[in-house]
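Below: the structure, in structure tokens.
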Amino acid sequence: MNAMLKFSRGVDWMNDRLGRSLIWLILAAVLISAGNAIVRKAFDTSSNALLEIQWYLFASVFMLGAGFAFLKNAHVRIDFISNHLSAKTRNIIDIVGIVVFLFPLCYMLVVISWPLFVNAWNSGEMSQNAGGLIRWPMYALIPLGFTLLGLQGASELIKRAAFLAGAAPDAIGHEATAAKDEIGHEIEEHAAHVREEVR
């Protein structure tokens, strides 16, 4: 179990670092989008490459950030039902969801998307728009993104199993409590700052 938890921590560290770095891609997409709009209005011209790089960056954030979202427990969960379940039941539901739904989905999409990437790489596929970008980086995001999501799924599966075995804390409950404590602390700090300004 210790070796598996060590693997889990390694995957968590990788997806956490990657997820935090994706913030810069969002900033780049916003700046490029604003620049395109300004140039289009001011000079009545545009670049297909710059237009396409916006959705390349946008797609990169979503495909590469899926594992990070899973790590942070930011995916959709029906909280009003989940909050009424015991920690053991929540973890069992997560294990079933990961094994029955997440792993097959990730495997299927990696298998289906890999040949698309290889074909685009070998052919040097380009955008059909004049001055557009090469396509293989976007095709590569699909198998890469679902591989990262699958790895995070394995990490979460290990954490859920470790909790049920009594070898680790509840990853779901711990994350939620930590997030609430952090938000509560920030609110208290802000309120104290406002009170000082009023005085």
Side-chain angles (χ1 to χ4, degrees), residues 1-27 57-114 117 139-192:
M1 183 60 77
N2 286 336
M4 294 172 71
L5 286 170
K6 187 175 181 181
F7 167 79
S8 174
R9 286 192 294 272
V11 172
D12 289 354
W13 179 86
M14 176 185 65
N15 270 322
D16 184 64
R17 287 299 181 94
L18 178 60
R20 291 178 189 279
S21 69
L22 292 173
I23 293 169
W24 298 105
L25 296 186
I26 296 171
L27 176 61
L57 293 169
F58 191 70
S60 298
V61 170
F62 279 89
M63 289 306 304
L64 301 180
F68 178 73
F70 197 9
L71 168 65
K72 296 301 179 183
N73 198 26
H75 55 286
V76 175
R77 188 185 292 275
I78 306 174
D79 290 333
F80 75 92
I81 294 176
S82 178
N83 290 340
H84 291 87
L85 301 175
S86 68
K88 181 179 179 181
T89 303
R90 285 197 310 267
N91 279 274
I92 290 171
I93 290 171
D94 269 18
I95 287 172
V96 171
I98 290 167
V99 172
V100 175
F101 297 106
L102 181 66
F103 283 162
L105 174 71
C106 291
Y107 174 77
M108 181 175 59
L109 287 171
V110 168
V111 168
I112 290 171
S113 62
W114 183 255
F117 160 66
Y139 289 121
L141 284 177
I142 303 170
L144 179 57
F146 280 100
T147 298
L148 290 169
L149 180 59
L151 284 171
Q152 191 60 48
S155 172
E156 299 303 318
L157 181 64
I158 290 166
K159 288 185 277 189
R160 305 301 188 269
F163 169 73
L164 293 176
D170 182 8
I172 306 170
H174 176 71
E175 288 292 334
T177 303
K180 286 175 185 173
D181 289 347
E182 186 178 339
I183 291 168
H185 182 67
E186 287 179 13
I187 291 170
E188 287 173 11
E189 281 186 350
H190 182 68

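Source: prediction; values computed, not measured.
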Quiz item: When you look at Phe103 and Tyr107, which way does the ring pair (Phe, Tyr, Trp, His ring centres under 6.0 Å) test go after all the steps?
Solution: CA-CA 6 Å; Phe103 283 162; Tyr107 174 77; over 10 Å; no

Exercise. Verify side-chain contact (heavy atoms from CB on, under 4.5 Å) between Leu22 and Phe68, making sure each step is shown before the conclusion.
Key: CA-CA 10 Å; Leu22 292 173; Phe68 178 73; 5.8 Å; no

Self-check item: CA sep, side-chain torsions, deciding dist, call: Asp12, Lys159, salt bridge (Lys or Arg N to Asp or Glu O under 4.0 Å)
Solution: CA-CA 11 Å; Asp12 289 354; Lys159 288 185 277 189; 2.9 Å; yes

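When side chains are defined from C-beta on, Met108 does not count as touching Phe146, because their heavy atoms never get closer than 4.5 Å. When side chains are defined from C-beta on, Leu148 does not count as touching Phe70, because their heavy atoms never get closer than 4.5 Å. The shortest side-chain heavy-atom distance between Ser155 and Leu71 does not fall under the 4.5 Å cut-off.
For the atom pair CH2 of Trp13 and OG of Ser8, the computed distance is 14.5 Å after rounding to the nearest 0.5 Å. Residue Ile158 holds its CD1 atom at 10.5 Å from CZ of Arg9, rounded to the nearest 0.5 Å. Going from atom CG of Leu149 over to atom CG of Leu144 covers 11.5 Å, rounded to the nearest 0.5 Å. Here Phe117 contributes atom CZ and Ile142 contributes atom CD1; the two are 11.0 Å apart, rounded to the nearest 0.5 Å. Rounded to the nearest 0.5 Å, atoms CD1 (Ile95) and CZ (Phe163) are 10.0 Å apart. In this structure, CG on Asn15 lies 9.5 Å from CG on Leu64, to the nearest 0.5 angstrom.
When each of Leu157, Thr147, Val11, Leu102 is checked for a side-chain contact (heavy atoms from CB on, under 4.5 Å) with Gln152, only Val11 meets the rule.
Closest approach of Pro143 to Ala140, counting heavy atoms only: CD-O, 3.3 Å. The minimum heavy-atom distance linking Leu5 with Ala162 is given by the pair CD2-CB, 3.9 Å. Across all non-hydrogen atoms, the minimal contact from Asp170 to Ala87 is OD2-CB, 3.5 Å.
Counted by atom type alone, Glu156 and Asn73 present zero donor-acceptor pairs between their side chains at under 3.5 Å.
Side-chain N or O atoms of Arg90 include one that pairs as donor or acceptor with a backbone N or O of Leu85 at under 3.5 Å.
Ion pair Arg20/Asp16 flagged as a salt bridge, since at least one NZ, NE, NH1 or NH2 atom sits closer than 4.0 Å to an Asp/Glu carboxylate oxygen.
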